[in-house]
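Let me begin by presenting the structure, written as structure tokens, before commenting on it.
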Amino acid sequence: MARALAHQNVTSSDQDLHRQSKMRIMNVQGHRHLPLPGTHNLRDLGGYRAGGASTAWRAIFRSDRPSGLTATGLERMRELGCRTIIDLRSDDERLSAPSAFEARGAPFAYHPIPLFGALDPHRADVYVSDDPLLDLYCQALDGNGPVFASVFRTIAQAPPGAVLVNCTAGKDRTGMVSAMLLLLAGVDHDEVTADYTLTARYLAPFLDQLRQEAAGRGRDLALFEKLLRSEASTMRGFLGHLDRVHGGAQAYLSRHGLNANEIGRLRARMLGLAA
């Protein structure tokens with residue numbers, strides 16, 4: 001089955017390339033990571049090599065849930081040009097930890113788009129391999145195409161200003177959307193993967209809180225620990241599945257209804273070009 005998710009071996013050469021990409025990314029962390037109180041994993045997708053260009057700074061932000069973002073943090077995001085918020089969490093997640101952007105309203109346009117839909121990450125029976133995150137990502141990709149299309153159409157049609165995409169940890173749903181945006185801009189797999197693994201550096205202080213919340217809800221804690229990871233092999237598997245099964249990010253989004261103009265607008269936003 002196409003979703004059998006056979007994990008590919010990573011060669012030493014691949015590992016070297018990934019390390020080099022990650023080191024280069026770490027060198028610009030002063031620009032990429034925004035240490036605003038109330039968030040842990042708020043980052044900028046700017047500064048990645050994209051063919052002969054680079055992705056634009058202050059165009060797309062990715063984040064964990066911004067429920068604890070203070071008034072000062074909100075003002076800082078406004079100063080950075082952020083105008084559009086896309087919240088990928090479920091209705092229950094948003095109810096238990098409302099977004100500060102939704103609560104404060106203007107000047108932020110807030111769009112809740114539950115990316116997982118009916119897919120429940122906490123059901124152990126949905127996983128078929130020893131990497132439940134990879135299983136989850138591929139099942140979401142295979143089954144929720146219209147929802148992905150809605151997310152990307154919202155980004156493409158957003159008014160001038162930066163877009164922030166968030167979920168709970170800023171790792172899984174946000175990670176898939178971020179990866180596909182970087183791919184559309186022409187960023188290679190190694191840098192996409194290195195961006196994904198940066199989560200482990202910034203999310204650590206938040207993990208104990210997530211564990212406590214999971215325990216309070218009676219989650220399978222052994223499974224939950226696996227869902228907290230952000231390993232390179234998981235993103236490599238996801239990118240491979242996207243290519244093999246769906247023909248890549250552009251083909252996937254086109255198949256689910258995005259037109260050439262919308263895809264062009266996504267690229268223009270990522271590269272800081274006039275749409």
Worked verdict on Val165 versus Ile85 for side-chain contact (heavy atoms from CB on, under 4.5 Å): CA-CA 6 Å; Val165 180; Ile85 313 300; over 6 Å; no

Full working for side chain to side chain donor-acceptor pair (under 3.5 Å) between Arg267 and Gln250: CA-CA 10 Å; Arg267 284 202 179 97; Gln250 179 173 337; 2.4 Å; yes

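- At least one side-chain heavy atom of Arg78 sits under 4.5 Å from a side-chain heavy atom of Pro107.
- The closest donor-acceptor contact from the side chain of Arg229 to the backbone of Leu133 lies at 3.5 Å or more, if one exists at all.
- Salt-bridge formation is not detected for the pair Glu79/Arg58: no Lys NZ or Arg NE/NH1/NH2 atom is positioned less than 4.0 Å from an Asp or Glu carboxylate oxygen.
- Between Asp44 and Ala56, the shortest heavy-atom distance links the atoms OD1-O, 4.0 Å.
- Annotation: Tyr202 is in aromatic contact with His33 [ring centroid separation under 6.0 Å].
- Once rounded to the nearest 0.5 Å, the distance linking CZ of Arg173 with CD1 of Ile86 reads 14.0 Å.
- Residues Ser90 and Glu93 have side chains that bring a donor and an acceptor to within less than 3.5 angstrom of each other.
- For Asp131 and Thr234, the side-chain atoms include at least one donor-acceptor pair closer than 3.5 Å.
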Verdict with reasoning, Tyr196 to Glu231, per side-chain contact (heavy atoms from CB on, under 4.5 Å): CA-CA 8 Å; Tyr196 172 78; Glu231 297 176 352; 5.6 Å; no

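- Remark: side-chain polar atoms of Ser150 are not paired, donor with acceptor, to backbone N or O of Pro146 under 3.5 angstrom.
- We find that Lys226 and Asp130 are not joined by a salt bridge, their nearest charged nitrogen and carboxylate oxygen being 4.0 Å or further apart.
- Looking at Lys171 and Asp64, no side-chain N of the basic residue comes within less than 4.0 Å of a carboxylate O on the acidic one, giving no salt bridge.
- The minimum heavy-atom distance linking Ala156 with Leu266 is given by the pair N-CD2, 3.7 Å.
- Listed for the Asn41 side chain is no donor-acceptor partner under 3.5 Å among the backbone atoms of Ser63.
- The minimum heavy-atom distance between Ala100 and Pro66, with the atom names listed, is CB-O, 3.2 Å.
- Between Leu34 and Met77 the shortest side-chain heavy-atom distance falls below 4.5 Å.
- From Ser67, atom OG reaches atom CZ of Arg94 across 13.0 Å, with rounding to the nearest 0.5 Å.
- When side chains are defined from C-beta on, Asn166 does not count as touching Leu88, because their heavy atoms never get closer than 4.5 Å.
- Ion pairing between a basic and an acidic side chain is recognised when a charged N comes within 4.0 Å of a carboxylate O; Asp190 and Arg236 show such pairing.
- Note: Tyr252 and His246 have perpendicular aromatic rings, judged against thresholds of 30 and 60 degrees for the angle between ring planes.
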Worked verdict on Glu191 versus Arg49 for salt bridge (charged side-chain N to carboxylate O under 4.0 Å, His left out): CA-CA 8 Å; Glu191 295 217 334; Arg49 290 176 298 189; 3.0 Å; yes

Evaluation steps, salt bridge (charged side-chain N to carboxylate O under 4.0 Å, His left out), between Asp87 and Arg65: CA-CA 8 Å; Asp87 192 335; Arg65 68 188 184 197; over 6 Å; no

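- Using a 4.5 Å cut-off on side-chain heavy atoms (C-beta onward), Val187 and Asp195 make no contact.
- Nearest heavy-atom pair, Pro159 versus Thr84, reported as atom, atom and distance to 0.1 Å: CD-OG1, 3.7 Å.
- Looking at heavy atoms from C-beta onward, Arg211 lies in side-chain contact with Leu228 at the 4.5 angstrom threshold.
- Thr55 contributes no side-chain N or O that, together with a main-chain N or O of Met270, makes up a donor-acceptor pair within less than 3.5 Å.
- Remark: Ile155 CD1 to His111 NE2 distance equals 10.0 Å, nearest 0.5 Å.
- Using a 4.0 Å cut-off between a side-chain N of Lys or Arg and a carboxylate O of Asp or Glu, Arg265 and Glu262 do not qualify as a salt bridge.
- Between the side chain of Gln212 and the backbone N or O of Gln209 there is no donor-acceptor pair closer than 3.5 Å.
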side-chain contact (heavy atoms from CB on, under 4.5 Å) between Met235 and Ser230, intermediate numbers included: CA-CA 8 Å; Met235 180 49 64; Ser230 52; over 6 Å; no

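- When side chains are defined from C-beta on, Ile60 counts as touching Arg269, because their heavy atoms get closer than 4.5 Å.
- You'll find the ring centres of Phe108 and Phe101 inside the 6.0 Å limit.
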Arg76/Thr72 under side-chain contact (heavy atoms from CB on, under 4.5 Å): CA gap, chis, key distance, verdict: CA-CA 6 Å; Arg76 176 61 177 148; Thr72 300; 5.7 Å; no

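- Taking 4.5 Å as the limit, some side-chain heavy atom of Phe61 sits within range of a side-chain heavy atom of Leu42.
- We find the CZ-NE2 distance between Arg201 and His40 to be 15.5 Å, quoted to the nearest 0.5 Å.
- The distance from the SG atom of Cys167 to the CG atom of Leu115 is 8.5 Å, given to the nearest 0.5 Å.
- Between His241 and Leu141 there is a side-chain heavy-atom pair separated by less than 4.5 Å.
- Considering every non-hydrogen atom in both Leu164 and Cys82, the closest pair reads CB-SG, 3.9 Å.
- Side chains of Thr199 and Arg43: a donor on one and an acceptor on the other come within 3.5 Å.
- Across all their heavy atoms, Asp243 and Gly248 have their closest contact at OD1-CA, 3.5 Å.
- Rounding to the nearest 0.5 Å places CE of Met176 at 12.5 Å from CG of Leu181.
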